[in-house]
Amino acid sequence: MGRVRICVGGYAKSPYVIRQAGVRLYAVEELCYYLEHYAVLLDDDMMNEELFTWIEEELELGDLARVLRVYRQNCNPLESFVVRIMEECHYCGKDRMEEIARIMRENAGLDPGEKKKIRIDQLARDGRYERALAQYRSLLADIEGKDIALTAAVYHAMGCIEAQMFGFALAEEYFDKAYRLTYHRESLRNYVCAVKMHGTRQEQEKKLAATPELRQLSELVDAQLAEYREQWKMSEACAKLADLEQAWEEREPDYYTQIDQTVADLKEAYRKRCE
């Protein structure tokens, strides 16, 4: 049985929306959870009058809101806001608060573009691919031609998303752009993988025979793909597909029910990625 937490303040009728992350918050504990797990993404814009008013009116924590307004007037560092909010509801211990404050201090010196990319990376990790791609494109408009390393990192990240969404032609293009900017081997390797996932065998061979390095990477990728195929055969997902195939062959009465549920699960996962 988990620990029991005594909640502080009211439960909001109207949520506080963190638009960049697409998150809706209804309680101070939910706010603390966001601040803890997204500490690396926070910046001074997080502590604004809209948040203070929500804390005061929706959560009925007027004293906390007043303290936070004083902090802002005194230009207190961002970590002091976060620690004070967590102290209000005894969210975590002193050691954890100090660790969160340290993370925030270490990231305070990051360039705005780097911070924005970190936020977008989190969207990608959460599977919100379309939203992440849109924000990556917006970031590129600001940094392209100004910050080569960051531009390459953004193109690489976009290539990873497109590959996960089976957009292998775009993934190939993005990995190629990333590699031509910084010549990082990981981008070149991912380029090779993307090439191998679409087009005809003749088209693939023509692209991958261009240089000795590409030919070498192509052989390494082939070996890795063979290994992954063996791992796939041992996976739960593969076993599930085998069960469905057997159900079809044996004309089991619940075959279509299983298929409908599998398709529904895949659709729901896809919808979440396109939010």
Side-chain angles (χ1 to χ4, degrees), residues 17-23 34 37-48 78 103-199 203-204 206-214 216-218 220-221 270-275:
V17 181
I18 302 176
R19 294 175 181 83
Q20 290 177 323
V23 173
Y34 178 84
H37 292 276
Y38 294 85
V40 69
L41 310 181
L42 302 178
D43 56 29
D44 291 334
D45 292 340
M46 178 71 191
M47 298 303 155
N48 55 65
L78 183 59
I103 291 171
M104 295 175 67
R105 285 194 298 271
E106 289 177 353
N107 287 278
L110 289 178
D111 178 88
E114 293 174 316
K115 277 196 170 186
K116 187 172 182 180
K117 182 181 178 296
I118 291 172
R119 292 193 195 95
I120 306 170
D121 290 343
Q122 186 60 51
L123 287 176
R125 283 193 292 272
D126 291 343
R128 310 185 77 166
Y129 295 148
E130 290 293 346
R131 187 185 292 250
L133 283 171
Q135 292 193 22
Y136 278 135
R137 293 187 191 103
S138 175
L139 178 56
L140 278 176
D142 294 334
I143 65 171
E144 202 158 15
K146 302 173 185 176
D147 188 327
I148 293 175
L150 185 56
T151 299
V154 171
Y155 274 125
H156 185 95
M158 291 173 70
C160 291
I161 290 179
E162 288 292 351
Q164 291 183 77
M165 295 179 70
F166 305 102
F168 298 115
L170 276 175
E172 175 189 330
E173 176 186 337
Y174 292 147
F175 289 132
D176 183 52
K177 287 182 176 180
Y179 179 71
R180 291 177 185 276
L181 286 169
T182 57
Y183 298 102
H184 286 169
R185 188 174 174 83
E186 183 181 0
S187 293
L188 187 62
R189 176 191 172 280
N190 285 10
Y191 166 82
V192 171
C193 292
V195 168
K196 286 182 173 291
M197 296 304 293
H198 78 101
E203 290 170 339
Q204 295 172 10
K206 183 178 179 181
K207 291 176 182 177
L208 300 178
T211 66
E213 187 174 18
L214 280 173
Q216 181 187 34
L217 272 175
S218 179
L220 290 173
V221 167
Y270 181 77
R271 288 191 191 101
K272 288 181 179 178
R273 290 176 177 179
C274 293
E275 288 179 353

Check: Is the closest side-chain heavy-atom distance between F168 and E162 below 4.5 Å?
Finding: no

Next item on the list: Search all heavy atoms of H198 against all heavy atoms of Q204 and return the closest pair with its distance.
Entry: O-NE2, 3.2 Å

Margin query: So M46 and I18, do their side chains get closer than 4.5 Å, heavy atoms only?
Written below: yes

Next item on the list: Begin with the C-alpha distance, continue with both residues' side-chain angles, and end with the deciding distance and a verdict on side chain to side chain contact (heavy atoms under 4.5 Å, CB included) for Y155 and D176.
Entry: CA-CA 9 Å; Y155 274 125; D176 183 52; over 6 Å; no

Next item on the list: Drop me the distance from R131's CZ to I161's CD1, to the nearest 0.5 angstrom.
Entry: 12.5 Å

Item checked: Pair Y129, Q164: side-chain N/O donor-acceptor within cut-off below 3.5 Å -> yes

Item checked: Pair K207 + E203: basic N to acidic O under 4.0 Å -> no

Next item on the list: Give the ring-plane orientation class for Y34 versus Y38, where under 30° counts as parallel, over 60° as perpendicular and anything between as tilted.
Entry: parallel

Next item on the list: Keeping the roles fixed (side chain from D126, backbone from R128), state whether a donor-acceptor pair exists under 3.5 Å.
Entry: no

Next item on the list: Establish, yes or no, whether a centroid distance under 6.0 Å links the rings of F175 and H156.
Entry: yes

Note to self: For the OG1 atom of T211 and the CD atom of Q216, what is their distance to the nearest 0.5 Å?
What the structure shows: 9.5 Å

Checklist line | E144/V154 under side chain to side chain contact (heavy atoms under 4.5 Å, CB included): CA gap, chis, key distance, verdict | finding: CA-CA 10 Å; E144 202 158 15; V154 171; over 6 Å; no

Check: What distance separates L188 CG from L214 CG, expressed to the nearest 0.5 Å?
Finding: 5.0 Å

Check: Which heavy-atom pair separates A171 from A163 by the least distance, and what is that distance?
Finding: CB-N, 3.8 Å

Margin query: Check this for me: I118, atom CD1, are more than 12 non-hydrogen atoms of other residues, nucleotides or ligands nearer than 6.0 Å?
Written below: yes

Checklist line | Exercise: identify the closest heavy-atom pair between L139 and G113 | finding: CD2-O, 3.9 Å

Note to self: For A132 versus I120, what's the shortest heavy-atom pair and its separation?
What the structure shows: O-CG2, 3.4 Å

Item checked: Distance in Å, K196 NZ paired with S218 OG, rounded so as to fall on 0.5 Å steps -> 3.0 Å

Checklist line | Which atom of A152 lies closest to which atom of T182, heavy atoms considered | finding: CB-CG2, 3.5 Å

Next item on the list: Mind running side chain to side chain contact (heavy atoms under 4.5 Å, CB included) on R189 and L220 for me, showing each step along the way?
Entry: CA-CA 9 Å; R189 176 191 172 280; L220 290 173; over 6 Å; no

Notebook entry, point to check: Where do L181 and T151 come nearest, in terms of heavy atoms and distance?
Noted result: CD1-CG2, 3.7 Å

Notebook entry, point to check: Hey, are R119 and Q122 close enough side-chain-wise for a donor-acceptor pair under 3.5 Å?
Noted result: no

Item checked: Heavy-atom check, side chain of L133 versus side chain of M165, under 4.5 Å -> yes

Next item on the list: Output the distance between atom CG (D121) and atom CD (Q135), rounded to the nearest 0.5 Å.
Entry: 11.0 Å

Item checked: Side-chain donor-acceptor pair present, N190, E186, cut-off under 3.5 Å -> no

Check: Measuring from E173:CD to M158:CE, what's the distance to the nearest 0.5 Å?
Finding: 8.5 Å

